[in-house]
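Working notes, structure below.
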Amino acid sequence: MWRQLLPIGRDAVSGGYRRFAWTRADSECRRWFEEQARGRGLDYEADRNGNQWAWLGEPARGDAVVTGSHLDSVPDGGAFDGPLGVVSAFAALDELRRRGARFAKPLGIVNFGDEEGARFGLACVGSRLTAGALTVEQAHRLTDGDGITLPQAMEAAGHDPGTIGPDPERLDRIGAFVELHVEQGRALALSGDRIGIASAIWPHGRWRFDFRGEANHAGTTRLADRRDPMLSYAGTVLAARREAELAGAVATFGKLAVEPNGVNAIPSLVRGWLDSRAADQESLDAVVDGVRRAARAHAREHGVTLDVERESFTPVVEFDHALRDELARILGSGTGLGVPVLGTGAGHDAGILSGRVPAAMLFVRNPTGVSHSPAESADEDDCVAGVLALADVLEGLACT
C-alpha cells in the first residue's frame with residue numbers, strides 16, 4: 001500500500017507532495033482508497049461532502065468504531081502526514097482478520113477530504129462540512145489562487161457540489177473515532193516511546209494582514225516619498241516572533257502575496273497570513289493582539305493602511321477523556337507500561353469531530369520532529385508498532 005501511494009502527487013524537484021483537494025493527484029489518491037476498500041470486501045461510499053468511507057458491517061445509530069485520516073497534503077508536504085493514518089487503518093483491519101477477531105460492532109475507515117486546506121485556505125473542509133462547523137454558504141465562497149470556487153473544483157472532479165452540507169445522520173453512526181497520525185514534534189523521540197496518545201489540540205487560527213501602500217518606481221522614488229507596505233509587513237513578521245516567545249506559543253507568517261510583484265516596483269499591497277497556536281486561549285489572544293498592535297504601529301510609521309481579518313479559528317479541543325483512558329488501558333494491558341499522553345499544536349479531523357462524537361488520537365514517533373516538509377519521516381518499525389497499537393485499540397473497542 002505504501003509503495004502504491006508514494007509516487008502520487010510527488011514533485012520531481014522538491015521531493016515533496018502536492019496532493020491538493022479536487023486535483024488530479026487527489027483523484028488518484030481517492031481511486032487508491034476505493035480500490036483498497038473494495039479489494040477487502042468492504043462497502044464503499046463517498047458522502048455528500050466528498051469524504052470516502054469503507055464499512056465492515058452495517059452501521060446503525062451510534063454503534064460504529066471508525067478510524068482513518070486524510071490523503072491530501074500541504075504544498076511540498078511529507079509522505080506521512082495523513083496517509084500514515086489511512087494506510088495503518090487498512091493494515092490494522094488486515095491484522096485483526098489475521099488474528100481471527102470477531103467484530104461485535106461495525107468498523108469504518110475514512111479518508112476526509114481537504115484536511116490541509118492547501119488549495120482553498122481553510123483546513124479540515126470535509127470534516128467541518130460533515131460536522132456542521134462550516135456552512136454551505138461559507139463553503140461556496142471558498143476560492144483557490146486562480147479564482148476557482150470549491151463547488152467548481154468539486155464539479156470538475158466529478159462530485160456534485162449541490163449535495164454539500166451538514167451530515168448528522170452519518171455522524172450519528174459513529175460511537176468512537178480514533179485517528180492515527182505521525183507525531184508533528186519530537187516528544188516521543190525525546191521520551192523514547194514509539195506510540196503516544198493525544199490529550200488535546202491547542203487553540204489555533206489563521207489571520208490575514210493586508211498592508212496597502214502606493215505602487216511606484218523602485219529606481220526613481222525617493223525613500224522619503226515612499227509608502228512601502230513591505231516595510232510594515234517585515235516589521236510585523238519580527239513582532240510575531242517576539243510575541244510568540246513572550247507567550248510560550250508559536251506564530252508564523254508562512255504565506256505571502258505581493259502586488260504588483262515586480263522586482264523594480266514598490267508594492268501597492270502586501271498580504272501576509274499569520275498562523276498562531278498556543279497551549280491556552282489566553283496565550284493565543286496575547287500573541288495575536290500583540291502582533292496586531294505592532295502591525296498597526298508599523299503601518300502608521302510607513303504611511304500605509306492595514307486590514308486584519310480572521311479567516312479561521314479552532315478553540316482548544318479536549319479529546320474525550322473516557323475514550324482516551326480506554327485507549328491507555330488497552331495499550332497498557334498485559335505490559336503494565338504507561339503510554340505517554342501528549343498535547344499538540346496541529347489541527348486534525350479528529351479535533352473537528354470531537355465536538356460531535358467521542359474522538360481520540362494515537363501518535364507514531366517522528367525521529368526528527370519535522371513535518372509539512374519532504375524531510376518528514378518515521379521508521380518502519382515504529383510504523384508497524386503503530387499498526388499493531390491501532391489494531392489492539394480497534395479490537396478492544398469493536399470486537400468481542
Side-chain angles (χ1 to χ4, degrees), residues 56 59 62-70 80 82 84-96 99 101-110 112 127 171 173-185 187-189 191-202 316-366 378 381-400:
L56 177 67
D63 70 341
V65 176
V66 179
T67 187
S69 191
H70 64 94
F80 294 83
L84 181 62
V86 179
V87 170
S88 296
F90 285 118
L93 172 58
D94 295 344
E95 168 64 14
L96 289 176
R99 295 178 186 179
R102 297 172 60 87
F103 287 86
K105 298 178 181 179
L107 177 70
I109 297 175
V110 62
F112 281 110
S127 55
L171 287 179
R173 300 175 180 179
I174 303 174
F177 177 69
V178 180
E179 180 175 4
L180 179 144
H181 205 280
V182 67
E183 187 195 0
Q184 294 168 293
L188 292 175
S191 70
D193 296 288
R194 286 181 167 178
I195 306 298
I197 298 172
S199 60
I201 297 176
W202 288 6
V316 63
V317 173
E318 285 279 349
F319 286 112
D320 187 89
H321 288 199
L323 182 57
R324 185 185 70 195
D325 292 346
E326 180 63 7
L327 263 60
R329 185 195 67 78
I330 292 170
L331 295 180
S333 178
T335 66
L337 299 177
V339 180
V341 179
L342 317 170
T344 177
H348 300 281
D349 292 310
I352 301 298
L353 295 190
S354 68
R356 298 293 305 277
V357 302
M361 291 192 71
L362 295 176
F363 291 130
V364 173
R365 179 167 56 186
N366 178 341
D381 288 347
D382 289 346
C383 293
V384 171
V387 169
L388 296 176
L390 181 59
D392 289 344
V393 165
L394 297 179
E395 187 171 22
L397 295 176
C399 300
T400 56

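For the numbers below, each heavy atom of this structure counts, side chains included, while hydrogens, waters and symmetry mates do not. The first residue of the sequence shown is numbered 1, and numbering continues consecutively from there. What you see is a predicted model; the values in this text were computed from it and never measured.
A pairwise comparison of heavy atoms in Val341 and Ala198 identifies CG1-C, 4.2 Å as the closest pair. Heavy atoms only, all atoms of each residue included: Leu171 and Val357 are closest at O-CG1, 3.6 Å. Nearest heavy atoms, Pro358 versus Gly175: CG-O, 3.5 Å. Ala378 and Cys383 get closest at one heavy-atom pair: CB-SG, 3.8 Å. The nearest pair of heavy atoms linking Gly386 to Leu180 is O-CD1, 3.4 Å. Contact between Leu323 and Ala359 at its shortest, heavy atoms only, is CD2-C, 3.6 Å.
Contacts classified as side chain to side chain donor-acceptor pair (under 3.5 Å) and involving residues 346-358 (residues at least two apart or in different chains) are given here: Ser127-Asp349.
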Quiz prompt | Residue pair Thr344, Phe363: steps toward the side-chain contact (heavy atoms from CB on, under 4.5 Å) verdict | solution = CA-CA 10 Å; Thr344 177; Phe363 291 130; 3.9 Å; yes

Quiz prompt | Stepwise side-chain contact (heavy atoms from CB on, under 4.5 Å) check, Ser69 with Leu84 | solution = CA-CA 8 Å; Ser69 191; Leu84 181 62; over 6 Å; no

Quiz prompt | side-chain contact (heavy atoms from CB on, under 4.5 Å) assessment of Val384 paired with Arg194 | solution = CA-CA 10 Å; Val384 171; Arg194 286 181 167 178; over 6 Å; no

Quiz item: side-chain contact (heavy atoms from CB on, under 4.5 Å) between Val65 and Val393: does it pass, once the steps are laid out?
Solution: CA-CA 10 Å; Val65 176; Val393 165; over 6 Å; no

Quiz item: Are Arg365 and Asp381 close enough, and set up right, to give a salt bridge (charged side-chain N to carboxylate O under 4.0 Å, His left out), and what steps lead you there?
Solution: CA-CA 10 Å; Arg365 179 167 56 186; Asp381 288 347; over 6 Å; no

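Here the CG-CG distance, from Leu331 to Leu362, works out to 6.0 Å after rounding to the nearest 0.5 Å. Distance check: Leu394 CG to Leu93 CG gives 8.5 Å after rounding to the nearest 0.5 Å. The structure places CG of Leu388 at 11.0 Å from CD of Glu395, a figure rounded to the nearest 0.5 Å. To the nearest 0.5 Å, the span separating CD on Glu179 from OG on Ser88 amounts to 11.0 Å. Taken from CZ in Phe103 to CG in Leu56, the straight-line distance is 5.5 Å, to the nearest 0.5 Å. In this structure, Thr67 OG1 and Ile109 CD1 are separated by 7.5 Å, a value rounded to the nearest 0.5 Å.
Panel note: side chain Asp63, backbone Lys105; no donor-acceptor pair is recorded below 3.5 Å. Not one N or O on the side chain of Glu95 forms a donor-acceptor pair closer than 3.5 Å with the backbone of Ala391. Asp320 places a side-chain N or O within donor-acceptor distance of the main-chain N or O of Ala322, the cut-off being under 3.5 Å.
In this structure, the side chains of Ile195 and Val364 come closer than 4.5 Å at one or more pairs of heavy atoms. Here the side chains of Phe177 and Val110 are in contact, with some heavy-atom distance below 4.5 Å. Residues Phe112 and Leu353 have side chains in contact (heavy-atom distance under 4.5 Å, counting atoms from C-beta outward). Here the side chains of Met361 and Glu183 are not in contact, with every heavy-atom distance at 4.5 Å or above.
Contacts of Ala200 classified as side-chain contact (heavy atoms from CB on, under 4.5 Å), with partners at least two apart in sequence or in another chain: Glu318.
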